[in-house]
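Residue numbering restarts at 1 for every chain, and letters A, B, ... go by the order of the sequence lines.
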Amino acid sequence: MSGAGWLSYSLEDFIMFGPQVFLRLFVRINQDLWPWPLLAVLAGILVPMLLLSQKSAPRRVALGLASVALVTSGYGFLVGYFGPINWPALWFGWGFVLQGVLLGSFMLFGGAPPSRWLDSKSAGYWLAGLWLAAVLALPWLTVAESGDWKAVGLFGLAPGTTAAAGVLLAGSLPGFWRWLYLAVPFFWSLFSAATFWSLQTWWLLGLPVATLILSFLAFRLSPSWARSRG
Amino acid sequence: MVLDRRKFLIGAGLTGLALNSSFLFANSGSTPDSSPITRNIPGTEEAIPAIGMGTWITFNVGGDPALIEQRTQVLKTFFDQGGTLVDGSPMYGTASDVVGEALDRLGARDRLFAATKIWTSDESATRQEAERSGRRWGVEQFDLLQVHNLRGWQGHLETLKAMKAEGQVRYIGITTSHGRRHREFAQIMEREPIDFVQLTYNVLDREAEDRLLPLAQERGIAVIVNRPFQGGSLFGRYQSEPLPDWAGDAGVSNWAEFFLKYIISHPAVTCAIPATTSVEHMKENMGALYGALPGAQQRQKMADYVRSL
Ligand SMILES: NC(=O)c1ccc[n+]([C@@H]2O[C@H](COP(=O)([O-])OP(=O)(O)OC[C@H]3O[C@@H](n4cnc5c(N)ncnc54)[C@H](OP(=O)(O)O)[C@@H]3O)[C@@H](O)[C@H]2O)c1
């Protein structure tokens with residue numbers, strides 16, 4: 001198509017599903033997997049606590065939980081539920097899986113144990129607080145948008161919440177891998193922001209915005225990040 | 001009103017438009033409230049109801065059991081109100097599967113005029129894509145296959161012509177929307193033996209009136225109109241406004257009928273295909289399939305009225 005041809009398209013022309021169908025995906029995945037979503041909530045709360053631990057094993061477990069959450073939200077929600085009604089979601093789904101595998105690989109095979117958020121005490125508490133805020137507050141955006149509490153977008157199931165919390169772990173990865181790890185949530189944020197804008201689901205815009213803000217804060221606060229800058 | 005129609009006929013004649021049977025039908029006498037407004041497919045004895053149904057966005061509900069059931073009710077309402085033509089495309093995500101599932105539940109394939117599209121850049125994959133769509137819809141063959149947005153049209157159209165000759169599809173055509181590629185579209189209409197075109201036309205987007213609609217009449221090509229509500233934005237803009245006080249004379253009792261009757265009263269138009277997720281909206285839309293149609297002067301007043309708001 002010519003350049004002028006593309007100009008005649010608007011963002012809305014690429015949206016092939018309605019808001020009702022999208023919001024129902026959260027209801028459906030919660031219902032289909034019940035009672036496992038409860039475990040996801042627990043895992044979301046445990047991760048920052050484990051990362052504040054003095055010992056390295058719990059910190060590895062934390063990364064393990066987060067990597068499983070990325071894989072389940074990618075493969076479960078994006079590939080399994082969202083992909084059939086919106087094919088780009090399939091690609092993002094596999095991106096989330098890759099991101100989870102990356103994090104999991106460092107958990108299992110990474111030479112040094114994941115850096116302790118407590119390396120810098122105040123920063124560690126900030127990161128933990130931000131994490132808890134993300135996994136406890138962001139799930140309600142889908143509820144606010146749909147008016148149905150069953151649409152709650154939980155960590156480990158809903159990609160928006162999982163991506164937003166997940167970026168806070170970027171500092172746990174070394175150099176190049178960290179940027180690779182952040183690429184998926186970054187592009188996901190742009191894609192989902194464009195989608196929510198077109199769907200006019202204004203509450204949901206909070207998810208990509210939160211992800212981008214948290215990425216920035218992770219960059220500022222992560223102890224290992226601060227070290228590697230030196 | 002009779003006068004309006006006569007003037008319209010004369011006006012159309014003066015502009016050199018060919019008066020095919022559907023034109024005369026569109027504007028002849030009053031249509032009894034009980035029988036749906038139909039249009040002949042040019043060059044055939046076959047008539048189809050002038051309101052069909054689109055499935056873009058609205059029927060792409062994935063595997064959601066509750067929404068599949070709800071959309072089944074939308075389709076049921078469509079059939080119950082006299083509709084037959086359903087338009088789809090492999091581009092519309094799961095819409096084909098959902099239509100197929102709804103048809104299973106309703107057992108309504110005998111009432112269906114099945115229209116889908118070929119949407120692949122692989123110009124050698126026409127037959128495979130038609131077969132795949134057939135399996136999804138649960139139909140042995142389609143009534144109409146259209147090349148979606150002219151994508152790979154040369155190769156697809158050659159195969160579609162062969163499929164038609166072999167009796168594997170009854171009608172073939174091409175589509176566009178949003179006023180895109182009208183020049184190339186017109187060239188294909190002029191040169192190729194197609195039965196249908198699908199294009200965007202509504203009370204605000206009237207570019208098709210200049211060239212494509214007269215050309216369709218001249219060439220005896222049936223016209224399906226997509227985006228009759230401009231993707232729904234016409235309601236956003238005008239629904240809070242009052243209908244003109246002469247609306248009743250034009251056979252119009254709500255905005256949905258206003259928009260749709262404006263379209264199907266054009267002599268070149270065979271059928272408009274509004275899409276909806278709602279049973280109530282479907283009922284409103286199907287209201288346009290009954291009653292009087294506006295004449296030429298009323299159509300002009302309708303366009304002027306909307307522009308004045
Ligand atoms: N290139 C192509 O081949 C092409 C391009 C575009 C479209 N198409 C075909 O044409 C069909 C129609 O176009 P479209 O779906 O883009 O747009 P459309 O039919 O102009 O508008 C659909 C929108 O109008 C709303 N609506 C329908 N009836 C209503 C009513 N009575 N009151 C208030 N709102 C109402 C629907 O919302 P609700 O769900 O709330 O009713 C929906 O959002 C498509 O579905 C597709 O099959 C083909």
Side-chain angles (χ1 to χ4, degrees), chain A residues 1-34 75-93 142 146-148 150-151 157-159 195-202, chain B residues 54-71 74 88-98 101 117 119-121 136 148-153 176-185 199-200 205 207 226-227 229-233 236 275-279 281:
Chain A
M1 189 179 304
S2 68
W6 280 112
L7 286 180
S8 68
Y9 284 85
S10 69
L11 214 50
E12 285 78 27
D13 296 334
F14 296 95
I15 300 293
M16 52 194 278
F17 55 91
Q20 177 204 30
V21 180
F22 180 69
L23 289 162
R24 283 269 312 160
L25 299 179
F26 297 91
V27 177
R28 285 172 59 209
I29 196 167
N30 289 334
Q31 282 177 342
D32 292 351
L33 297 184
W34 184 257
Y75 187 73
F77 188 93
L78 290 173
V79 176
Y81 286 78
F82 196 15
I85 59 162
N86 189 35
W87 59 264
L90 288 177
W91 295 103
F92 279 106
T142 40
S146 65
D148 182 355
K150 292 195 288 300
L157 298 176
T195 303
F196 300 150
W197 184 268
S198 304
L199 290 176
Q200 302 184 0
T201 48
W202 310 121
Chain B
T55 56
W56 166 241
I57 296 183
T58 51
F59 270 62
N60 182 21
V61 303
D64 191 324
L67 294 184
I68 291 174
E69 179 49 34
Q70 196 278 339
R71 299 307 192 264
V74 172
S89 169
M91 189 193 134
Y92 300 170
T94 56
S96 298
D97 310 297
V98 175
E101 174 66 30
K117 309 191 187 92
W119 183 70
T120 166
S121 50
R136 296 174 74 190
H148 197 153
N149 284 351
L150 303 185
R151 192 172 187 203
W153 70 267
T176 185
S177 65
H178 299 70
R180 292 178 189 123
R181 297 172 76 178
H182 274 192
R183 186 179 302 198
E184 192 178 1
F185 203 76
L199 46 80
T200 295
D205 301 316
E207 194 188 334
N226 62 38
R227 293 178 55 82
F229 303 137
Q230 221 183 38
S233 66
T276 182
T277 58
S278 141
V279 167
H281 289 171

**Item:** Nearest heavy-atom neighbours spanning Arg181(B) and Asn149(B)
**Value:** NH1-O, 3.4 Å
**Prompt:** Is it the backbone or the side chain of Arg151(B) that comes under 4.5 Å from a heavy atom of chain A, or both, or neither?
**Reply:** neither
**Request:** Report the relative orientation of the aromatic rings in Trp119(B) and His148(B); use parallel for angles under 30°, tilted for 30 to 60°, perpendicular for over 60°.
**Result:** tilted
**Ring center gap for Phe26(A) and Phe77(A) short of 6.0 angstrom** = yes
**Message:** Report which part of Ile15(A) has an atom under 4.5 Å of a heavy atom belonging to chain B: side chain, backbone, both, or neither.
**Reply:** backbone
**Message:** Quick check for you: among Gly63(B), Ser177(B), Pro65(B), which has the greatest number of heavy-atom pairs under 4.5 Å with chain A?
**Reply:** Gly63(B)
**Fill in**
Ranking Thr277(B), Asp97(B), Val61(B) by heavy-atom pairs under 4.5 Å to chain A gives rank one to Val61(B)
**Item:** OG1 on Thr142(A) to CZ on Phe22(A), rounded to 0.5 Å
**Value:** 8.5 Å
**Message:** Using heavy-atom distances under 4.5 Å, tell me whether Ala95(B) contacts chain A through its side chain, its backbone, both, or neither.
**Reply:** neither
**Prompt:** Will you find, in the side chains of Asn60(B) and Thr94(B), an N or O donor that is under 3.5 Å from an N or O acceptor?
**Reply:** yes
